[in-house]
There are 2 protein chains.
Amino acid sequence: MVDKSWKIPEVALAVDLAVLTVRAGALQIMLVERGIEPYRGKLALPGGFLSDVDENLDDAASRELAEETGLELAGLHFEQLGTYGAANRDPRRRVVTVCYLAFVPELASPTAGGDARSAAWVPATTALDQRTELAFDHKKIVEDAVERARSKIEYTTLAAAFCAPEFTVADLRQVYELVWDEPLDPRNFNRKVTGTEGFLVATGAQTSRQSGRPAALYRRGPAHLLHPAMLRPPPPKPDTTRTS
Amino acid sequence: MVDKSWKIPEVALAVDLAVLTVRAGALQIMLVERGIEPYRGKLALPGGFLSDVDENLDDAASRELAEETGLELAGLHFEQLGTYGAANRDPRRRVVTVCYLAFVPELASPTAGGDARSAAWVPATTALDQRTELAFDHKKIVEDAVERARSKIEYTTLAAAFCAPEFTVADLRQVYELVWDEPLDPRNFNRKVTGTEGFLVATGAQTSRQSGRPAALYRRGPAHLLHPAMLRPPPPKPDTTRTS
DNA sequence: CCAAAAGTGTTCCCGTTACACCCATGC
DNA sequence: GCATGGGTGTAACGGGAACACTTTTGG
């Protein structure tokens with residue numbers, strides 16, 4: 001092995017963020033409107049280049065999100081989604097981006113600070129719609145982010161990360177239903193999540209509401225993995241019988 | 001948003017490979033002995049820097065593996081494991097590495113070409129042993145790779161990627177047992193894998209052996225996902241009864 | 001016949017599903 | 001009381017675990 005460091009090509013390293021929430025009855029993702037070319041005016045994931053050579057990737061991700069959207073990741077769940085580095089993904093020059101995935105509750109203020117004029121929550125269905133154009137390869141990244149979210153809530157307790165600090169079983173069920181786009185049986189769901197040790201911690205408090213029995217309030221429990229997993233209902237099978 | 005491209009810090013981008021196989025009754029990983037500082041003489045994952053600005057990450061991974069170990073990834077399964085970019089992971093300068101995970105069958109020749117003098121299969125247990133020192137943060141990467149392999153064979157058909165083109169149910173079972181380090185019931189395992197549509201395709205041929213009934217030979221089937229998943233037997237619970 | 005490994009049948013158990021039913025609140 | 005949603009009981013079903021048993025080879 002020879003030392004090749006003298007001829008290392010110059011690659012720009014960026015971080016991008018796919019920040020998901022559940023609000024207004026839909027899974028939504030934080031997008032910003034680009035202010036510069038290329039793709040000026042198009043929607044894009046928040047993100048940007050490392051600020052200096054000694055900045056950790058995670059720190060860069062937090063910083064960029066705060067700068068562009070005013071959203072603080074401190075204390076919230078985020079994880080690496082993947083690295084996107086196709087040679088031609090940025091027309092200007094070679095850019096490799098490390099993308100992070102974050103799950104935030106609805107109350108995280110959408111555009112509370114920074115260069116946040118253009119930041120907005122967009123329904124995932126809109127972002128993924130054929131007619132919506134996203135900058136760079138960001139549509140592919142959004143696809144991957146949504147798919148990761150869908151599978152992660154199967155075997156982890158991360159669905160609760162979309163809920164406010166105190167929430168009802170119905171709130172949590174709605175998260176699953178909206179992320180999976182599948183209806184769930186409220187009764188079986190209730191038994192399952194309350195029976196899974198470490199998922200929910202009862203606060204003792206109850207909701208008051210206009211009608212119907214008050215629901216118990218819970219906080220997130222200490223468990224991170226779900227045993228057994230929440231099973232996503234299988235999509236209705238294509239009907240193999242003829243319709244003659 | 002302002003254009004910051006003029007002050008993008010110089011980060012070196014590398015690719016590393018965690019190539020796993022099952023051979024000699026153990027899960028093993030391909031490691032090379034470093035020929036240069038830092039960590040000269042220490043074991044490391046094969047990998048290196050991009051060869052030029054227009055090289056795709058996947059291509060760089062294939063190329064580096066072939067150069068360093070003579071192993072060809074063409075046609076084999078590999079996927080991105082993660083990106084490791086702690087600011088201080090390389091003492092020379094800032095290096096961010098995109099790491100790939102590959103599953104190869106035993107017959108992949110260990111050191112068939114290239115700069116392969118120092119390439120060798122090392123049991124995963126040895127690589128992860130406290131007394132084994134690996135270069136950079138490669139021990140952490142190996143941990144992640146092994147953990148990813150353990151969980152991936154639960155819900156995908158990738159265990160078969162460790163087997164020769166034609167293999168018996170017992171061969172496949174041994175893969176699971178060695179990767180998970182858990183014994184499995186041969187009879188239930190047989191029913192399960194042969195009953196899962198698309199996992200195995202019978203060739204009709206049989207093995208001949210010294211003793212015992214010949215086993216049917218199979219090839220990998222078209223399925224990639226396992227439905228239902230193979231369940232990893234839960235590690236024996238700590239005994240809660242006293243030993244008094 | 002015996003040993004060894006492949007493969008089948010059967011039973012038990014547990015978790016999911018589907019749905020009837022009861023509970024607690026506002027009006 | 002009645003509507004509305006929260007929560008429990010329960011029976012049917014399906015897959016996994018455990019293990020007795022049969023099959024097919026070599027010696």
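Only a predicted model underlies this, so the values are computations on that prediction, with no experimental measurement involved. Chain letters run A, B, ... following the sequence lines, proteins first and then strands; every chain starts at 1.
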**Student:** Can you tell me the distance, in whole Å, between the CG atom of Leu231(A) and the C1' atom of dG14(D)?
**Tutor:**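 In whole Å, dG14(D) C1' lies 12 Å from Leu231(A) CG.
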**Student:** Strictly by modelled atom types, are Arg187(B) and Asn190(B) linked by a side-chain donor-acceptor pair under 3.5 Å?
**Tutor:**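 Checked: Arg187(B)/Asn190(B) side chains show no N/O donor-acceptor pair below 3.5 Å.
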**Student:** Say whether Asp144(B) and Tyr84(B), considering side chains only, have a donor N or O and an acceptor N or O under 3.5 Å apart.
**Tutor:** yes
**Student:** Rounded to the nearest angstrom, tell me the gap between atom CE in Met230(A) and atom C1' in dG15(C).
**Tutor:** 13 Å
**Student:** Could you tell me how far apart Leu226(A) (CG) and dT16(C) (C1') are, to the nearest whole angstrom?
**Tutor:** 14 Å
**Student:** Output yes when Arg173(B) and Glu177(B) qualify as a salt bridge under the 4.0 Å nitrogen-oxygen rule, no when they do not.
**Tutor:** yes
**Student:** Between atom CZ in Arg213(B) and atom P in dT25(D), what is the gap in whole Å?
**Tutor:**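 The distance from CZ of Arg213(B) to P of dT25(D) comes to 8 Å, rounded to the nearest Å.
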**Student:** Which residues within residues 187-201 of chain B lie with some heavy atom under 4.0 Å of an atom in DNA chain D?
**Tutor:**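 Listed by number, they are Arg187(B), Asn188(B), Arg191(B), Lys192(B).
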**Student:** In this structure, how many angstroms lie between the P atom of dT25(D) and the CD atom of Gln206(B), rounded?
**Tutor:**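 In whole Å, dT25(D) P and Gln206(B) CD are 7 Å from each other.
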**Student:** For DNA chain C, whose closest nucleotide is more 5', that of Ala216(B) or that of Gly212(B)?
**Tutor:** Gly212(B)
**Student:** Quiz question: by atom type and distance under 3.5 Å, do the side chains of Asp58(A) and Tyr100(A) form a donor-acceptor pair?
**Tutor:**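 Result is yes, a qualifying pair exists.
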**Student:** Just checking, is any N or O donor in the side chain of Tyr218(A) or Asp171(A) under 3.5 Å from an acceptor N or O on the other one?
**Tutor:**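 There is no such pair between these side chains.
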**Student:** Rounded to whole angstroms, how far apart are CZ on Arg232(B) and P on dA17(D)?
**Tutor:** 14 Å
**Student:** Answer yes if the side chains of Thr207(B) and Thr168(B) hold a donor-acceptor pair under 3.5 Å, and no otherwise.
**Tutor:**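 Side-chain D/A pair, Thr207(B) to Thr168(B): absent.
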**Student:** Report the distance from atom OH of Tyr176(B) to atom P of dG16(D), rounded to the nearest whole Å.
**Tutor:**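 Answer to the nearest Å: 12 Å.
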**Student:** What is the separation between atom CG on Asp185(B) and atom P on dT8(C), rounded to the nearest whole Å?
**Tutor:**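 Whole-Å distance recorded here is 14 Å.
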**Student:** Among dA4(C), dG7(C), dG6(D), find the nucleotide with the atom closest to the side chain of Ser211(B).
**Tutor:**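 Side chain of Ser211(B) sits closest to dA4(C).
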